[in-house]
S.K.: 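This is the structure, below, for whatever I ask next.
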Amino acid sequence: MTVKTLTVVHDLLATNKQAAAAIRGELRGRGILAVNLLSSPGSGKTTLLEALADRFRGRFRLAVIEGDIETERDAERIRAKGVPAWQITTGGACHLEARMIGKVLAGIPADIDFLFIENVGNLVCPASYDLGEQVRLVLLSSPEGDDKPAKYPQAFLSADALVLTKADLLPYLPFDPARASAEARAIKPALRVFTVSALRGEGLDELAAWLVDALERLRSGHA
């Protein structure tokens with residue numbers, strides 16, 4: 001029984017990997033940088049995307065794919081910023097898969113610069129599924145505690161950058177950004193770290209500049 005279960009999981013991941021590679025190739029050909037956001041529920045993914053929409057307005061075109069178990073609430077918030085958004089409700093599944101992204105990809109405008117994918121909120125399942133993105137961000141908010149990287153290492157190992165969110169709450173919580181960064185970099189030394197308050201705007205310029213640099217490298221063929 002154990003052997004059969006492992007085979008199924010392997011086949012699922014292999015099929016997902018093939019679909020993700022096709023998506024990545026299509027987006028690269030269109031010059032679109034896809035950014036996959038992973039985090040626990042309530043870490044501030046949607047608020048961060050709203051803030052980036054404001055930062056990029058008039059300079060870059062964005063689109064967003066939202067993943068949630070139920071409701072269109074996050075997509076409605078993004079659309080209110082004037083950014084096209086597609087909601088994928090998984091009906092209980094704890095992560096998005098590449099085939100789900102593939103189903104909505106044809107409707108994504110061809111002339112956008114960034115495609116952000118807000119994954120279903122948790123630090124476990126989404127880390128195992130490549131969605132065809134070129135950049136993966138993992139968010140960790142100050143109320144969650146600074147001990148999460150060592151507890152959920154795959155999410156941090158698979159990411160390109162760690163975004164420490166809700167920095168405006170740091171004076172009131174026993175969250176040590178240095179400890180969280182050190183734990184994450186012990187797992188992946190090359191991980192970039194940004195400390196951000198989407199509400200106050202702290203750290204957003206640095207994160208936005210890093211994303212723009214990734215877009216330029218993609219379009220120059222150096223990503």
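Index from 1, following the sequence.
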S.K.: Can you pull the ring-ring contact (aromatic ring centres under 6.0 Å, His included) pairs that have at least one residue in residues 31-88, sequence neighbours excluded?
M.R.: F56-F60, F56-F114, F60-F114
S.K.: Any salt bridge linking R30 with D111? Criterion: basic side-chain nitrogen under 4.0 Å from a carboxylate oxygen.
M.R.: no
S.K.: Do R192 and D160 meet the salt-bridge criterion of a basic N to acidic O distance under 4.0 Å?
M.R.: no
S.K.: Taking A214's backbone N and O only, do any of them form a donor-acceptor pair with R219's side chain (distance below 3.5 Å, no angle check)?
M.R.: no
S.K.: Just by modelled atom types, is the S43 backbone N or O under 3.5 Å from a matching donor or acceptor in the T165 side chain?
M.R.: yes
S.K.: Indicate yes or no for a side-chain donor-acceptor contact from N16 to the backbone of A98 under 3.5 Å, with no hydrogens or angles considered.
M.R.: yes
S.K.: Establish whether V138 and V35 are linked, either directly or via other cluster members, by ILVMFWY side-chain heavy-atom contacts under 4.5 Å.
M.R.: no
S.K.: I'd like to know if the side chain of R79 reaches the main chain of A85, judged simply by a donor and an acceptor atom lying under 3.5 Å from each other, with no hydrogens or angles considered.
M.R.: yes
S.K.: Check the side chains of S40 and E144 for a donor-acceptor pair under 3.5 angstrom, ignoring hydrogens and angles.
M.R.: yes
S.K.: Please check: side-chain N/O of D113 versus main-chain N/O of L33, any donor-acceptor pairing under 3.5 Å?
M.R.: no
S.K.: Is it true that K45 and D68 have a side-chain N and a carboxylate O under 4.0 angstrom from each other?
M.R.: no
S.K.: Under the 3.5 angstrom rule, does the side chain of S220 hit a backbone N or O of E216 as a donor-acceptor pair?
M.R.: yes
S.K.: Search all heavy atoms of W210 against all heavy atoms of A161 and return the closest pair with its distance.
M.R.: CH2-CB, 3.6 Å
S.K.: Is a side-chain donor-acceptor pair under 3.5 Å present for T15 with Q18?
M.R.: no
S.K.: Is a side-chain N or O of K188 found less than 3.5 angstrom from the main chain of A159, in a donor-acceptor match?
M.R.: yes
S.K.: Step by step, work out the side chain to side chain contact (heavy atoms under 4.5 Å, CB included) result for S158 and R136.
M.R.: CA-CA 7 Å; S158 68; R136 180 176 290 191; 2.9 Å; yes
S.K.: Would the distance check show the side chain of D146 and the main-chain N or O of R179 forming a donor-acceptor pair, the cut-off being under 3.5 Å?
M.R.: no
S.K.: Going by atom types alone, do S142 and K166 pair a side-chain donor with an acceptor below 3.5 Å?
M.R.: no
S.K.: Pairing donors with acceptors under 3.5 angstrom, does anything connect the side chains of E118 and T46?
M.R.: yes
S.K.: Would you check if the side chain of Q134 reaches a backbone N or O of A34 as a donor-acceptor pair within less than 3.5 Å?
M.R.: yes
S.K.: Take D74 and L49, measure what side chain to side chain contact (heavy atoms under 4.5 Å, CB included) needs, and give me the verdict at the end.
M.R.: CA-CA 10 Å; D74 290 347; L49 290 176; over 6 Å; no
S.K.: Tell me, yes or no, whether the heavy-atom count around R73 atom CZ, taken from other residues, nucleotides or ligands under 6.0 Å, exceeds 12.
M.R.: no
S.K.: Determine whether L164 and Y152 fall in the same hydrophobic cluster, where Ile, Leu, Val, Met, Phe, Trp and Tyr are linked whenever their side-chain heavy atoms lie under 4.5 Å apart.
M.R.: yes
S.K.: Quick one: closest heavy-atom pair of T89 and I69, and the distance?
M.R.: CB-O, 3.8 Å
S.K.: Quick one: does N122's side chain have a donor or acceptor within less than 3.5 Å of a partner on C125's backbone?
M.R.: yes
S.K.: Would you name the heavy atoms of V83 and A53 that are closest together and state the gap between them?
M.R.: CG2-CB, 3.8 Å
S.K.: What are the two closest heavy atoms between L140 and A180, and how far apart are they?
M.R.: CD2-CB, 4.1 Å
S.K.: To the nearest 0.5 Å, how far apart are CZ in R24 and CD in E133?
M.R.: 6.5 Å
S.K.: Would you say L37 and I117 make side-chain contact, with heavy atoms under 4.5 Å?
M.R.: no
